[in-house]
There are 2 protein chains.
Amino acid sequence: MESKFGERIRTLRESQNLYLRQVAPLLEMDTAQLSKIEKGFRQLKKEQIPILAKVLKADQKELQTLWLADQVLDLIKDQPNADEALKSVSKSIKKK
Amino acid sequence: MESKFGERIRTLRESQNLYLRQVAPLLEMDTAQLSKIEKGFRQLKKEQIPILAKVLKADQKELQTLWLADQVLDLIKDQPNADEALKSVSKSIKKK
DNA sequence: CTTACATTTGCCAAAATTTGACAAGTCAAA
DNA sequence: TTTGACTTGTCAAATTTTGGCAAATGTAAG
């Protein structure tokens, strides 16, 4: 599946010697779900990012960025003209 | 709602003096749906872009790019760090 | 004002997708 | 061969998206 966000939170979790079993309940899910999230098979709800950032003592902004990049990547994968579309989007948001 | 894709196909349709009633059946939908698509309340299925490009004598690549940009824009709107996430995605796809 | 016709809007149920929960599975260490 | 961490598969529930219809709106003509 491939997920930068998932890889990152797994690294963070492991570096703090936390088990899925310990983290999952704080996000109100079971270990199976969190495992899938770390492997990129499921998405964490964006509202849960701040909670996870706190639990993992991570920078919330970093996780939000990784999370969003994963979503975008998933959307555009296999799409033609993806790079051009991205450029145009970048312009659009700068105009806001 | 705001949709570059919708605005574009409406312009194309009108410039050729076609009615929703004439175009919608070619996409196997009713006028209400196509109206919503042009106004950005609904999304055209990406598989239908080539059909529409042909009907409207438009450049398929142009429509695909507009369509994808709309999808991305919808995904990232109101998200923090959107520009940073986009940058990172651009890098990712160049590595493929 | 009435008709005609293009478009829009609102609503609801059907279809599709995502999610949550659980059970069973793998794997490594002891 | 037992234990504990993690993974995988399945299935129904929940959520989101879609399709279709009917009624509303807008506009131009008669």
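Atoms considered below: every heavy atom in the structure, side chains included; atoms not considered: hydrogens, waters and symmetry mates. Letters A, B, ... mirror the listed sequences (proteins, then strands); counts begin at 1.
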Separation of [N] [atom2] from [X] [atom1] (nearest whole Å):
{"X": "B:Q33", "N": "C:dA13", "atom1": "CD", "atom2": "P", "result": "18 Å"}
{"X": "B:L34", "N": "D:dG20", "atom1": "CG", "atom2": "P", "result": "13 Å"}
{"X": "B:D30", "N": "C:dT7", "atom1": "CG", "atom2": "P", "result": "13 Å"}
{"X": "B:Q22", "N": "C:dA6", "atom1": "CD", "atom2": "P", "result": "8 Å"}
{"X": "A:E28", "N": "C:dA21", "atom1": "CD", "atom2": "C1'", "result": "14 Å"}
{"X": "B:L75", "N": "D:dT16", "atom1": "CG", "atom2": "P", "result": "15 Å"}
{"X": "B:R42", "N": "C:dA14", "atom1": "CZ", "atom2": "P", "result": "16 Å"}
{"X": "B:Y19", "N": "C:dA4", "atom1": "OH", "atom2": "P", "result": "16 Å"}

Exercise. With a cut-off of 6.0 Å (strictly less than), are more than 12 heavy atoms of other residues, nucleotides or ligands near CD of B:E47?
Worked result: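 Counting neighbours around CD of B:E47, more than 12 heavy atoms of other residues, nucleotides or ligands fall under 6.0 Å, so yes.
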
Seminar exercise, completed: Result for 5'-nearest mapping on DNA chain C, choosing between B:T31 and A:M29, is B:T31

Please examine the side chains of [Y] and [X], heavy atoms only from C-beta on, and report whether any two atoms are closer than 4.5 Å.
{"X": "B:E84", "Y": "B:S88", "result": "no"}
{"X": "A:S35", "Y": "A:R10", "result": "yes"}
{"X": "A:Q64", "Y": "A:K46", "result": "no"}
{"X": "B:Q43", "Y": "B:Q71", "result": "yes"}

Exercise. Got a donor-acceptor pair under 3.5 Å from the side chain of B:K36 to the base of D:dG19?
Worked result: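 Donor-acceptor pair under 3.5 Å: no.
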
Exercise. Distance check: side-chain N/O of B:R10 vs OP1/OP2 of C:dA6, anything under 4.0 Å?
Worked result: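 For C:dA6, neither OP1 nor OP2 has a side-chain N or O of B:R10 closer than 4.0 Å.
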
For this session: Work out how much the helix from C:dC1-D:dG30 to C:dA30-D:dT1 bends between its end axes, five pairs an end, to the nearest 10 degrees.
Result: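 The angle separating the two end axes equals 20°.
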
Exercise. Looking at B:L18 and B:V55, what are the two nearest heavy atoms and their distance?
Worked result: CD1-O, 4.5 Å

Problem set entry | Heavy-atom closest contact (B:L68 atom, A:A82 atom, distance) |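 That closest heavy-atom pairing would be CD2-CA, 3.7 Å.
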
